[in-house]
Amino acid sequence: MHDEFLCHVTAYGVCDGRRIGVPLGTYRAPTLALALWWLRDRASWIAQRLDPQPDTPHLPRGALTPVADDAPDVPRMLRTWCADDVQQELVADELAAGHLVRVATSDETTEYELMAESVDALRMQRAAPLLVVPVA
């Protein structure tokens, strides 16, 4: 069992013709349960900021506008992922096995990426001997 996990949330977009990543948060989770909780919390946090509830009192009237029916719905995708017990179990199993987990969704302008990986797996990768093949 892997005991500690590094979790990252990043938004990617294009600026001046280059792909730019903007970190939205990092967390070193001491347990698998906290890693999963943090990823769901950040996904919900992004969804709420992209698509707050229309009756939120601090939003001025008319601040929210509908989008086209065929527009990618990142907030809905993130909320659906958070509520999907099967997906959460899959993420837990992958992390427990020492695998990197990446959950990503995007709209026309931005890609949102949630990642987590085992600190132990990272340490083991660094400690493993490199495969060196001589080139003739």
Side-chain angles (χ1 to χ4, degrees):
M1 179 68 169
H2 296 270
D3 295 330
E4 216 175 355
F5 302 88
L6 286 177
C7 306
H8 309 280
V9 178
T10 308
Y12 294 95
V14 176
C15 180
D16 201 22
R18 294 185 341 211
R19 183 174 157 93
I20 303 294
V22 177
L24 300 178
T26 299
Y27 176 56
R28 189 170 181 141
T31 66
L32 177 59
L34 285 174
L36 294 169
W37 171 83
W38 190 83
L39 291 172
R40 284 191 307 272
D41 181 70
R42 293 295 85 196
S44 296
W45 179 83
I46 292 168
Q48 181 61 23
R49 271 131 193 93
L50 293 175
D51 185 18
Q53 300 302 318
D55 57 349
T56 302
H58 66 277
L59 293 173
R61 188 173 201 78
L64 300 178
T65 59
V67 296
D69 289 339
D70 62 347
D73 191 347
V74 169
R76 182 183 49 78
M77 288 183 255
L78 291 172
R79 288 179 178 119
T80 299
W81 177 79
C82 287
D84 187 333
D85 292 337
V86 173
Q87 284 295 312
Q88 298 304 311
E89 283 294 321
L90 178 62
V91 169
D93 291 345
E94 290 296 309
L95 285 173
H99 300 138
L100 169 73
V101 171
R102 178 179 182 266
V103 176
T105 185
S106 60
D107 56 24
E108 295 91 1
T109 62
T110 309
E111 178 184 22
Y112 300 91
E113 175 185 75
L114 298 101
M115 285 184 23
E117 55 193 328
S118 163
V119 171
D120 293 333
L122 289 170
R123 287 180 184 144
M124 290 187 295
Q125 288 171 4
R126 281 188 239 146
L130 296 176
L131 174 63
V132 178
V133 178
V135 178

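Here, residue 1 is the first one in the sequence, and each next residue gets the next number.
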* Start with the C-alpha gap between Thr105 and Val103, add the side-chain angles, then the distance that decides, and say whether side-chain contact (heavy atoms from CB on, under 4.5 Å) holds. => CA-CA 7 Å; Thr105 185; Val103 176; over 6 Å; no

* To do: Step by step, work out the side-chain contact (heavy atoms from CB on, under 4.5 Å) result for Glu117 and His8.
  => CA-CA 9 Å; Glu117 55 193 328; His8 309 280; 4.3 Å; yes

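Under the 4.5 Å side-chain contact rule for hydrophobic residues, Leu90 and Trp81 do not share a cluster. Taken together through direct or relayed side-chain contacts under 4.5 Å among Ile, Leu, Val, Met, Phe, Trp and Tyr, Trp45 and Leu50 form part of one hydrophobic cluster. Both Leu39 and Leu24 are members of a single hydrophobic cluster when ILVMFWY side chains are connected at heavy-atom separations under 4.5 Å. Cluster membership check: Met115 does not share its hydrophobic cluster with Leu95, using side-chain heavy-atom separations under 4.5 Å among Ile, Leu, Val, Met, Phe, Trp and Tyr. Leu6 and Leu100 fall into different hydrophobic clusters, where Ile, Leu, Val, Met, Phe, Trp and Tyr are joined by side-chain heavy atoms under 4.5 Å apart, directly or via other members.
The OG1 atom of Thr31 sits 10.0 Å away from the CD atom of Glu4 when rounded to the nearest 0.5 Å. The line from CG of Asp41 to SG of Cys7 is 11.0 Å long, rounded to the nearest 0.5 Å. Between atom OG of residue Ser118 and atom CD of residue Glu94 there is a gap of 12.5 Å, rounded to the nearest 0.5 Å.
The closest donor-acceptor contact from the side chain of Arg79 to the backbone of Ala47 lies under 3.5 Å.
The nearest pair of heavy atoms linking Cys15 to Ile20 is CB-CG1, 3.8 Å. Minimum interatomic distance between Leu36 and Gln88 (heavy atoms only, all atoms of both residues): CD2-O, 4.3 Å. For Leu32 against Ala92, the heavy-atom pair with the smallest separation is CD2-O, 3.9 Å. Nearest heavy atom pair, residue Phe5 against residue Ala35, reads CB-CB, 3.9 Å. The two residues Ile46 and Tyr112 come nearest to each other via the heavy atoms CG2-CD2, 4.0 Å. Nearest heavy-atom pair, Ala29 versus Leu34, reported as atom, atom and distance to 0.1 Å: CB-C, 4.0 Å.
The 12-atom threshold is not exceeded at CZ of Arg18, counting heavy atoms of other residues, nucleotides or ligands nearer than 6.0 Å.
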